[in-house]
Amino acid sequence: MCANVFGALKSLFGKPFDGGKRMDHGSQQQHPAMIRLYEVQREVQSLGPQVCTFSGLKNEREYRRLERELTQLLLEVDQVDTEGRADLQGARKRAAQEVEGLLRYLEENATHPSRLAIEELSREAQRLVEQGVVEPQRAGGTAEISDELVDAMQEVILRLTQVKTGGRVPLRKARYRALTRLCAVQDVIEGRTRQQTLPLSEDTHAAVQRINQVMVQVSGARSQLVALLMGLSGRDSCAHLSRVLTELLVELDALDVSGNAAVRNYRKQVVEEINGLLKHLDLEGEGDDTRRYDLGQNDSIRQIEAVRGRVGQLQGEVLRHCGVGDLFRPKPELQSLLTHLDQVDTARNPCIREARRRVVLEVQAVITFLDLREALICRQPSPNEPSQHRAVWIVLGSLSDLQAQVLCFNGKQGDKSYMLLEELLTKQLLALDAVDPQGDEMTKVARKQAVKFAQNILSFLDMKTDEWEY
């Protein structure tokens, strides 16, 4: 839309106004009304990029400023005296339309359902963090990070990645900012449970007392960082906390721990914890670089899409060979594609991470399909095979056929073909539930694996229809 605005302005006004009294139209004096309209053009060109990248809401100061300046421009255009000339009236009308277009674009993005959904999910995450981390810390206690909090945060992040932006830069920017902060918070709270650096006894070395004191400060800084990232700290700033942590690093570096490997290792662990917090403190300007959230030209996304394209080709070959009773085995290449995906640099970008995760699942789906097909072809049941074990294999054969249909499915959740596949897969789960192992351990294991396989196919079908975008 913004590109159209600027293109229309250029076609409206022709050559840009040169800042003097005349245009390059021979010796004809430029009309004052047209001069004023050219001045409006320059101001619109200045405000346009700001409007086109604004990712906030209507109640924010930046929104009010842009709205106020655009409204003022609209009033000034309306006050231009055209003296009844049709050419000036047309120019004024088109100038007003362009300003109105920016105003409309600004409001549409700030009130867009996807923008409101992003805000609601951000607030949901705020409530989770405030109850689980910030409030216990403010009360003087230690926040115990529960599995429920970690799972709830992961669920919010997943729902954020599924918010549709329709390609709008402001919506992409808002989603990216929210995702980046939530992923940073998730990393901090999960790191809190993983690292658990234990203090040494102060009798070990003279420097241990100060390192232990730094550890206490780092623990407080962790909660402070979480509050900052979630917008729950009104007084502090990322820059201030960064300075505090950097000063702690300098102080630790100055401690003399020579001759004691245990203390040196302890200091190293504390330094690593501080560096782990510092890496999340560069988020205040996050999202200003459009390459971070407008991923169409991102090198990592290009690599992921190239892998995805190759997986699609291999999948087509596999299904074509299966259709004629043959088995095409490109597993070595599929495994190498997984290795390549693992090496893709996500640059801490949650959208790139999710894109990579989805393609990994696509590769794994083809590999599991091949594994089951090969097992079905090579299967040689003994005459004494228990009937319940044979029943599991019959279901696996049906699941293999259904997975082939799921792999090539390209519809939506409301399609009849989707509902049919979902129903057939559910029936196979019910058939497995009806199998009585009768104490046979091999049947128990086979049935458990078959149930997991069926559930994975259902999950993969859901993933293919959730209309996720970068």
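This chain uses plain numbering: 1 for the first residue, then up along the sequence.
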TODO: Kindly determine whether Lys464 and Glu362 satisfy salt bridge (Lys or Arg N to Asp or Glu O under 4.0 Å), including the steps that lead there.
DONE: CA-CA 9 Å; Lys464 292 192 74 172; Glu362 290 184 28; over 6 Å; no
Open item on the list: Working note: Arg115 + Glu119, criterion salt bridge (Lys or Arg N to Asp or Glu O under 4.0 Å); need CA distance, chi angles, decisive distance, verdict.
Closed with: CA-CA 6 Å; Arg115 182 63 187 88; Glu119 185 66 15; 3.6 Å; yes
Is any side-chain heavy atom of [Y] closer than 4.5 Å to one of [X]?
X	Y	value
Trp393	Pro381	no
Glu273	Met215	yes
Thr465	Asp415	no
Leu425	Leu399	yes

Any ion pair linking [Y] and [X] (charged N to carboxylate O, less than 4.0 Å)?
X	Y	result
Arg127	Glu124	no
Asp436	Lys444	no
Glu247	Arg243	no
Lys331	Asp371	yes

Task: Geometric class of the Tyr418/Phe409 ring pair [parallel <30°, tilted 30-60°, perpendicular >60°] - done: tilted
Task: Lys58 vs Glu67, salt bridge (Lys or Arg N to Asp or Glu O under 4.0 Å): CA-CA, chis, key distance, verdict - done: CA-CA 9 Å; Lys58 289 187 73 172; Glu67 184 183 44; 5.4 Å; no
Open item on the list: For a side-chain hydrogen bond (donor to acceptor under 3.5 Å, both in side chains) check, start with the C-alpha distance between Glu385 and His389, then their side-chain angles and the critical distance, and finish with the verdict.
Closed with: CA-CA 7 Å; Glu385 182 182 45; His389 195 262; 3.0 Å; yes
[Y] and [X] side chains, donor-acceptor separation under 3.5 Å:
X	Y	answer
Arg65	Gln50	yes
Asn109	Arg168	yes
Gln162	Arg159	no

Open item on the list: Between Asn212 and Tyr266, is the side-chain contact (heavy atoms from CB on, under 4.5 Å) condition met? List the steps.
Closed with: CA-CA 10 Å; Asn212 287 343; Tyr266 177 41; 2.4 Å; yes
Open item on the list: Would Leu319 and Phe369 count as a side-chain contact (heavy atoms from CB on, under 4.5 Å) here? Give the steps.
Closed with: CA-CA 10 Å; Leu319 295 175; Phe369 174 77; 4.1 Å; yes
Task: Atom CZ of Arg61: over 12 foreign heavy atoms under 6.0 Å - done: no
Open item on the list: Are there over 12 heavy-atom neighbours, none belonging to Met442, within less than 6.0 Å of that residue's CE?
Closed with: no
Task: Stepwise side-chain contact (heavy atoms from CB on, under 4.5 Å) check, Leu158 with Glu354 - done: CA-CA 9 Å; Leu158 180 61; Glu354 177 65 10; 4.2 Å; yes
TODO: Report the C-alpha separation of Lys427 and Asp433 in whole Å, then their side-chain angles, then the decisive distance to 0.1 Å, and conclude whether the salt bridge (Lys or Arg N to Asp or Glu O under 4.0 Å) test is met.
DONE: CA-CA 10 Å; Lys427 284 182 177 179; Asp433 189 58; over 6 Å; no
